[in-house]
Amino acid sequence: MSDPTPVSPPSSPPSPSRRPGTGPRAAGAIQEAALRLLAERGYTGLTIEAVAQRAGVNKTTIYRWWPSKPALLRAALLDGALLDVDVPDTGSLRGDLVALADQVVGLLTGPGTESVVRAMTSGSGAPDDELALLARDFFADRFSREQPVFGRAAERGELRAGVDPMLLLDLMAGAVWVRAVLRRAPLPAGFAAEVVDAVLPAFATVPPPDTKV
């Protein structure tokens with residue numbers, strides 16, 4: 001009598017996609033849940049368990065990729081889609097800056113992002129304040145992403161030699177933040193363009209051709 005044909009063991013379910021540095025398949029849902037809960041509960045009230053429940057995943061999935069709350073929030077701020085900003089390429093420095101300022105306006109006034117941005121910047125600023133450090137990393141990351149705007153402008157001869165792009169962005173974004181966050185005043189349509197037209201002449205080689213005088 002011949003031996004029975006061996007039976008292969010049942011195959012295990014496919015493991016989640018694990019591209020290095022990107023997180024599990026549910027990374028988007030996990031990161032958005034973290035930011036939403038930050039806005040609702042503040043940094044001290046945010047827990048990995050709550051994020052897992054909101055995102056519909058096991059907390060071990062989160063810990064496998066992000067070993068701590070700061071690590072998860074850092075990924076959510078830097079890699080998540082909720083606060084992402086598209087770096088424009090309109091063909092002119094003014095056009096790029098207006099597009100960037102419009103996106104800042106949207107983040108600070110949008111119903112889906114306003115509370116998240118306010119919560120992200122609610123740290124004390126102390127050297128050991130984890131939330132303040134995360135906010136610092138977020139702004140540094142965004143400034144790094146926006147560097148091509150100024151590289152292209154320099155190649156087109158639109159920027160004066162030796163100007164500080166960070167100062168230009170700070171002046172633009174600062175006007176939006178003061179109006180929207182500190183004064184809680186409405187931002188009318190065209191506010192971004194008004195801010196750019198008020199700031200850019202101090203940095204540009206010549207006034208932008210479409211600036212309203």
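Every value quoted in this text rests on a predicted model; they were computed, and no experiment measured them.
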Could you state the interatomic distance from NZ (Lys69) to CG (Leu134), rounded to the nearest 0.5 Å?
10.0 Å

Kindly write out the residues that satisfy salt bridge (charged side-chain N to carboxylate O under 4.0 Å, His left out) with Glu158, not counting sequence neighbours, or none if the list is empty.
Arg156

Going by the salt bridge (Lys or Arg N to Asp or Glu O under 4.0 Å) test, name the single residue among Lys59, Arg41, Arg54 that passes it with Glu49.
Lys59

Thr90: side chain to side chain donor-acceptor pair (under 3.5 Å) partners, not counting sequence neighbours:
Asp96

Check against side chain to side chain contact (heavy atoms under 4.5 Å, CB included), Leu169 and Met166
CA-CA 5 Å; Leu169 287 176; Met166 184 176 288; 5.8 Å; no

Quick one: are [X] and [Y] in side-chain contact, heavy atoms under 4.5 Å?
| X | Y | result |
| --- | --- | --- |
| Leu73 | Leu46 | yes |
| Tyr43 | Pro70 | yes |
| Asp137 | Leu77 | no |
| Ile48 | Leu72 | yes |
| Thr121 | Phe139 | yes |
| Phe203 | Arg160 | no |
| Ser68 | Glu130 | no |
| Trp177 | Val104 | yes |

How far apart are the closest heavy atoms of [X] and [Y], and which atoms are they?
| X | Y | answer |
| --- | --- | --- |
| Ala180 | Leu108 | CB-CB, 4.2 Å |
| Ser122 | Ala119 | OG-O, 2.6 Å |
| Gln31 | Gly80 | OE1-CA, 3.3 Å |
| Met172 | Leu97 | CE-O, 3.6 Å |
| Ala132 | Ala126 | CB-O, 4.5 Å |
| Leu107 | Val85 | CD1-CG2, 3.8 Å |

Report the C-alpha separation of Asp79 and Arg74 in whole Å, then their side-chain angles, then the decisive distance to 0.1 Å, and conclude whether the salt bridge (Lys or Arg N to Asp or Glu O under 4.0 Å) test is met.
CA-CA 8 Å; Asp79 304 324; Arg74 190 175 192 279; over 6 Å; no

I'd like to know if the side chain of [X] and the backbone of [Y] have a donor-acceptor N/O pair within less than 3.5 Å.
| X | Y | result |
| --- | --- | --- |
| Ser115 | Ala39 | no |
| Arg152 | Ser92 | no |
| Asp129 | Gly123 | no |
| Arg179 | Val176 | no |
| Ser144 | Ala140 | no |

Set out, in order, the CA-CA distance, both residues' side-chain angles and the distance that settles side chain to side chain contact (heavy atoms under 4.5 Å, CB included) for Leu168 and Phe150, then state yes or no.
CA-CA 10 Å; Leu168 172 53; Phe150 300 99; 3.6 Å; yes

Should the heavy atoms of other residues, nucleotides or ligands under 6.0 Å from CD of Gln53 be counted, would the total exceed 12?
no

Assess whether salt bridge (Lys or Arg N to Asp or Glu O under 4.0 Å) is satisfied between Arg145 and Asp84, documenting all intermediate values.
CA-CA 11 Å; Arg145 296 187 192 189; Asp84 198 17; 3.0 Å; yes

State whether Arg142 and Glu146 are salt-bridged, where the test is any N-O pair (Lys NZ or Arg NE/NH1/NH2 against Asp/Glu carboxylate O) under 4.0 Å.
no

Salt-bridged, Arg36 to Glu32, with N to O below 4.0 Å?
yes

Decide whether Phe138 and Leu133 are clustered together by the hydrophobic rule: side chain heavy atoms of Ile, Leu, Val, Met, Phe, Trp, Tyr closer than 4.5 Å, transitively.
no

